[in-house]
Each structure stands twice: as C-alpha cells, then as structure tokens.
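Scope of the values below: all heavy atoms of this structure, side chains included, with no hydrogens, waters or symmetry mates.
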Amino acid sequence: MISLLLVDDQNLIRQGLKALLELEPDLAVVGEAENGAIAIDRVKELQPNVVLMDIRMPVMDGVTATRGICQQFPNVNILVLTTFDDDTYVAAAIKNGAKGYLLKDTPSEEIAAAIRAVALGYTHLAPGMIAKVMSGQIDKNEATLPPELAELTPRELEILKLIAVGANNREIAGQLYISEGTVKNHVTNILNRLNLRDRTQAAILAKTYLAI
C-alpha cells in the first residue's frame with residue numbers, strides 16, 4: 001500500500017483528489033495539509049511514501065516545503081501539482097528534490113500511475129513544460145534556467161543528455177568512447193556544479209531545459 005499526503009491550500013481540491021485516489025486499491029490518503037509548514041509537520045508525523053505538493057500556498061509555499069522535506073526525510077518522494085503558469089516554481093521544486101510534476105487537470109488514472117512510479121523511485125515528467133521549452137514559449141535564458149547549466153563543458157552537456165535518456169555509466173562510456181572512470185568523474189562534476197543531489201534530479205533538469 002502506498003501512503004499519500006495531499007498538500008493544497010484549497011480544501012475542494014484536496015477532497016476531490018482524495019475521493020479519486022482512494023478508488024485505487026493500492027493507494028491510501030493518510031493525511032492532508034493546507035500549506036507547506038503544516039506539510040512538514042504531517043510528514044514527520046505520518047511518514048508517507050509520496051507527497052502530492054501544491055506550489056503556490058500561503059504561509060509556506062511548495063518549493064520551500066519540498067526543500068525542507070527532502071532535507072529532513074530523504075525517503076519521502078514528492079510529486080508537484082502545478083499549472084502551466086508555474087514553470088519557475090516547478091523548476092525550483094525539482095532542484096530542491098521533487099521527483100516530478102503533474103498538471104492539476106491530469107486524469108486521475110495518470111495521477112495514480114505517476115504516484116506508483118515515484119513511490120518506486122522513478123521520475124515523472126508531465127509533457128507540458130518540455131513542450132513549451134522546445135516551442136520557444138519559455139526562454140532557456142530566463143531565471144528559470146540555472147546559470148550553472150550554461151557553464152557546463154560540451155562533454156558534460158553530452159553526458160547530461162545521455163543521463164536524461166536513462167543511460168548508465170557503462171553505456172555512456174561506450175557511446176562517447178571514454179572510460180567508465182572518466183564518465184563517473186564527469187557525472188560527479190555535473191552534480192556538484194548544478195548543486196543536484198542525484199542523477200534523477202539531473203535527468204529532470206535536462207529534460208526540462210534541453211531539447212531532448
């Protein structure tokens with residue numbers, strides 16, 4: 001059973017999500033919170049497997065709450081709920097540890113599938129932001145783009161793109177004709193330079209900002 005915490009400042013949205021998700025036999029809503037500060041307390045109390053986190057909330061927003069939860073409870077996976085107007089906030093939430101994001105109007109069966117994927121440690125990327133980046137609706141040089149990304153070397157960018165499509169170190173080494181040790185060093189440099197925790201965050205960042 002996958003335990004869920006629903007975080008949204010609108011009670012109707014929380015109740016609607018709860019009603020839909022509890023139709024799934026393997027999902028259980030164990031708690032709710034109306035802002036990020038309460039969410040952190042609920043996570044400490046309930047230790048849910050997955051948090052569905054709204055972005056824009058009073059008292060404490062979802063980005064700040066995501067950072068706090070990921071720092072204190074690294075085994076809790078966060079899935080951000082967003083709209084097309086929240087691109088900047090989504091990017092910040094991902095950088096602070098969120099495992100993926102969904103649009104609020106996503107069908108319930110897709111939300112359930114994303115929750116299951118995140119609970120297993122996988123990432124989930126809604127196509128909206130990627131499509132907007134590729135169509136030019138979001139300028140890759142805006143503040144949403146971490147400035148460190150532009151400082152990566154061409155080789156590091158190659159490796160980052162291969163990480164984004166799921167290649168492991170051995171596969172990257174084979175494609176680029178370099179040693180696994182060299183790949184490992186590059187990956188470490190990429191994570192450090194972008195201030196990312198792991199390859200999952202690197203993959204999300206690359207798929208969000210790079211034409212992959």
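- The side-chain heavy atoms of Ile69 and Ile78, taken from C-beta on, include a pair separated by under 4.5 Å.
- The shortest heavy-atom contact between Gly31 and Leu46 is CA-CD1, 3.8 Å.
- Here the side chains of Lys99 and Leu79 are not in contact, with every heavy-atom distance at 4.5 Å or above.
- Side-chain polar atoms of Asn96 and Thr66 form no donor-acceptor pair below 3.5 angstrom.
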| request: Give the C-alpha distance, both sets of side-chain angles, the deciding distance and a yes or no for salt bridge (Lys or Arg N to Asp or Glu O under 4.0 Å) between Asp54 and Arg14. | output: CA-CA 10 Å; Asp54 188 19; Arg14 295 199 311 272; over 6 Å; no

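- In this structure, Ile172 CD1 and Ile159 CD1 are separated by 6.0 Å, a value rounded to the nearest 0.5 Å.
- Grouping the Ile, Leu, Val, Met, Phe, Trp and Tyr side chains by contacts below 4.5 angstrom, directly or via other members, places Phe73 apart from Ile38.
- A donor-acceptor pair is defined here as one N or O able to donate and one able to accept, closer than 3.5 Å; such a pair exists between the side chain of Glu156 and the backbone of Thr153.
- Side-chain contact between Ile115 and Asn49 is absent, with no heavy-atom pair separated by less than 4.5 Å.
- Contact of the Val183 side chain with the Ile178 side chain is registered, since non-hydrogen atoms from C-beta on lie closer than 4.5 Å.
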| task | Determine, step by step, whether Glu32 and Gln15 satisfy the side-chain contact (heavy atoms from CB on, under 4.5 Å) criterion, reporting the C-alpha distance in whole Å, the side-chain angles of both residues, the deciding distance to 0.1 Å, and the verdict. | result | CA-CA 9 Å; Glu32 302 175 33; Gln15 295 308 308; 3.0 Å; yes

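- Asn169 has its side chain within reach of Arg199: a pair of non-hydrogen atoms, C-beta onward, lies under 4.5 Å apart.
- Note that OG1 of Thr82 and CG of Leu103 are 6.5 Å apart. Values are rounded to the nearest 0.5 Å.
- Neither side chain, Asn189 nor Arg155, offers a donor N or O lying under 3.5 Å from an acceptor on the other.
- Gly68 and Ile40 make their closest contact through CA-CD1, 4.4 Å (heavy atoms, listed as atom of the first residue, atom of the second, distance).
- Nearest heavy atoms, Met57 versus Gly62: CE-N, 3.7 Å.
- Using a 4.0 Å cut-off between a side-chain N of Lys or Arg and a carboxylate O of Asp or Glu, Asp9 and Arg56 do not qualify as a salt bridge.
- Proximity of Val7 to Leu81: side-chain heavy atoms (C-beta onward) are nowhere separated by under 4.5 Å.
- Checking side-chain atoms of Asn77 against main-chain N and O of Val118 turns up a donor-acceptor pair under 3.5 Å.
- Residue Thr182 holds its OG1 atom at 15.5 Å from OH of Tyr177, rounded to the nearest 0.5 Å.
- The CG atom of Leu17 sits 11.0 Å away from atom CD of Gln10, with the distance rounded to the nearest 0.5 Å.
- In terms of hydrophobic clustering, with Ile, Leu, Val, Met, Phe, Trp and Tyr side chains grouped at heavy-atom distances under 4.5 Å, Leu27 and Leu20 are assigned to different clusters.
- Residues Ala65 and Gly36 approach most closely at CB-CA, 3.5 Å, considering heavy atoms.
- A 4.5 Å side-chain heavy-atom check between Val187 and Ile163 finds at least one atom pair inside the cut-off.
- A salt bridge (Lys or Arg N to Asp or Glu O under 4.0 Å) check over residues 110-124, counting only residues at least two apart or in different chains, returns the pairs Glu24-Arg116, Asp26-Arg116.
- Of all heavy-atom pairs between Pro58 and Glu34, the closest is CD-O, 4.5 Å.
- Taking CG of Leu162 as the reference point, atom CG of Leu157 lies at 11.0 Å (rounded to 0.5 Å).
- With hydrogens and angles disregarded, no donor-acceptor distance shorter than 3.5 Å links the side chain of Asn35 to the backbone of Val59.
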| message | Could you walk me through whether Ile13 and Leu6 satisfy the side-chain contact (heavy atoms from CB on, under 4.5 Å) test, starting with their C-alpha distance in whole Å, then the side-chain angles of each, then the deciding distance to 0.1 Å, before giving a yes or no? | response | CA-CA 9 Å; Ile13 290 180; Leu6 306 182; over 6 Å; no

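- Counting only N and O atoms by type, the side chains of Asp61 and Thr64 include a donor and acceptor under 3.5 Å apart.
- Contact check on Asp8 versus Lys18 returns no salt bridge, with no Lys/Arg side-chain nitrogen under 4.0 Å from an Asp/Glu carboxylate oxygen.
- At least one side-chain heavy atom of Val43 sits under 4.5 Å from a side-chain heavy atom of Pro48.
- Linking Ile, Leu, Val, Met, Phe, Trp and Tyr residues whenever their side-chain heavy atoms come within less than 4.5 Å places Met53 and Met60 in a single cluster.
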| field | Check against side-chain contact (heavy atoms from CB on, under 4.5 Å), Leu21 and Leu4 | value | CA-CA 9 Å; Leu21 294 175; Leu4 307 172; 3.9 Å; yes

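- Put simply, Leu176 and Leu191 are part of the same group of oily side chains (I, L, V, M, F, W, Y) that touch within less than 4.5 Å, one to the next.
- To the nearest 0.5 Å, atoms CD (Glu45) and CG (Leu5) are separated by 9.5 Å.
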